[in-house]
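Inspection log for the structure reproduced underneath, given as structure tokens.
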Amino acid sequence: MTKRMTQEERRAETSERLIATGISLVARRGLASVTTKTIAQEAGITWGAAQYLFGNKIGFLTSLGRRLLEDLKNQAPIPGRAASSVRAGLETFVWSVWCSYSSPSYIAWIELVRGSRGDREMRDALKVMQNDYIDHISALWHATVPHGTAGAPNEIIMHHIVLTLSGLAARRIFLHDEIAENEHIHLCIDMAVRMVMEKTQVSGS
């Protein structure tokens, strides 16, 4: 005999279905081409039920943004200890961030940000979430790459890596450019290693 779900479980299941459908549609079509009513319809849920769960459109999109942020953070988990060498740490960091940037959740996040530019309330909410993600990437950097030694990488190098990877992700999303992933990622790692070596030489001169 199948156990009947409680009201709380039904609410959670409905919320999950709405958010999962929203992520899929926003990633494929862009926020400008999708309405909250369309998302509810695709999920097989009335908009009235969606409003009951999320309050209004801003409430729903904010919940969508939070889920995307959690997905992106899960794509780049923070390890328990740093790598054995700077290069190994840089490789781990670069690939972890790229897993996040190359995921469908990142596409949906970018579309959510683009589609919310005209709404100040939504824009401010997304900015707070984005700062949280930046803090996560910074924590990943410090947990992955060995620090405290001569010539250790600093956050300027981290920002160069993140900007390079976000640029590659933008090419895939907006230009539909199927980049040679392995080649570009290894070039990014080599760039980071070169920057560390140059920093070490300057420090030692």
Ignoring hydrogens and angles, tell me if any N or O in the side chain of R17 forms a donor-acceptor pair with the backbone of A43 under 3.5 Å.
yes

Report whether I110 and V128 are members of the same hydrophobic cluster (ILVMFWY, side-chain heavy atoms less than 4.5 Å apart, transitive linking).
no

Any carboxylate oxygen within less than 4.0 angstrom of a Lys/Arg side-chain nitrogen, looking at E91 and R87?
yes

Pairwise distance CD(E16) to CG(L53) - rounded to 0.5 angstrom:
12.0 Å

Just verifying a value: how many Å separate L68 CG and M129 CE, rounded to the nearest 0.5 Å?
9.0 Å

Could you tell me whether a side-chain N or O of T62 sits under 3.5 Å from a main-chain N or O of I58, the two making a donor and an acceptor?
yes

Indicate yes or no: at least one non-hydrogen side-chain atom of L140 is less than 4.5 angstrom from one of P79.
yes

Keeping S166 on the side-chain end and L163 on the backbone end, is there a donor-acceptor pair under 3.5 Å?
yes

Pairwise distance SG(C188) to CZ(F93) - rounded to 0.5 angstrom:
9.0 Å

Check the surroundings of atom CD in Q41: do more than 12 heavy atoms from other residues, nucleotides or ligands lie under 6.0 Å from it?
no

Roughly how far, to the nearest 0.5 Å, is the CD atom of E111 from the CG atom of L31?
8.0 Å

Quick check against the 3.5 Å criterion: does H136 have a side-chain atom that pairs as donor or acceptor with the backbone of A76?
yes

Kindly say whether S116 contributes a backbone atom to a donor-acceptor pair with the side chain of R123 at under 3.5 angstrom?
no

Quick one: does any side-chain atom of R117 pair with a main-chain N or O of R114 as donor and acceptor, under 3.5 Å?
yes

Exactly one of I185, T144, T164 clears side chain to side chain contact (heavy atoms under 4.5 Å, CB included) with V94, and that residue is I185

Please give me the minimum heavy-atom distance between I23 and A108, naming the atom from each residue.
O-CB, 3.8 Å

Here the pair of heavy atoms bringing P104 nearest to A27 is O-CB, 3.9 Å

For the student: nearest non-hydrogen atoms of K73 and D132, plus distance:
NZ-OD2, 3.4 Å

Of all heavy-atom pairs between L126 and V113, which one has the smallest distance, and what is that distance?
CD1-CA, 3.9 Å

Pairs where residues 24-57 contributes a residue and the test ring pair (Phe, Tyr, Trp, His ring centres under 6.0 Å) is met, not counting sequence neighbours
F54-F60

For the residue pair S103 and L72, what are the closest heavy atoms and their distance?
OG-CD2, 3.7 Å

With heavy-atom distances below 4.5 Å as the criterion, would you say the side chains of L165 and V162 are in contact?
no

Inter-residue atom distance W109.CH2 - Y101.OH, 0.5 Å rounding:
11.0 Å

Got V97 and I161 here, is their nearest side-chain heavy-atom distance under 4.5 Å?
no

In short, V145 meets L90 closest at the heavy-atom pair CG2-N, 4.0 Å

As an exercise, state the distance from CG of L69 to CG of N74, rounded to the nearest 0.5 Å.
9.5 Å

For the hydrophobic clusters of this structure (ILVMFWY residues joined by side-chain heavy atoms under 4.5 Å, transitively), does one cluster hold both I78 and W98?
yes

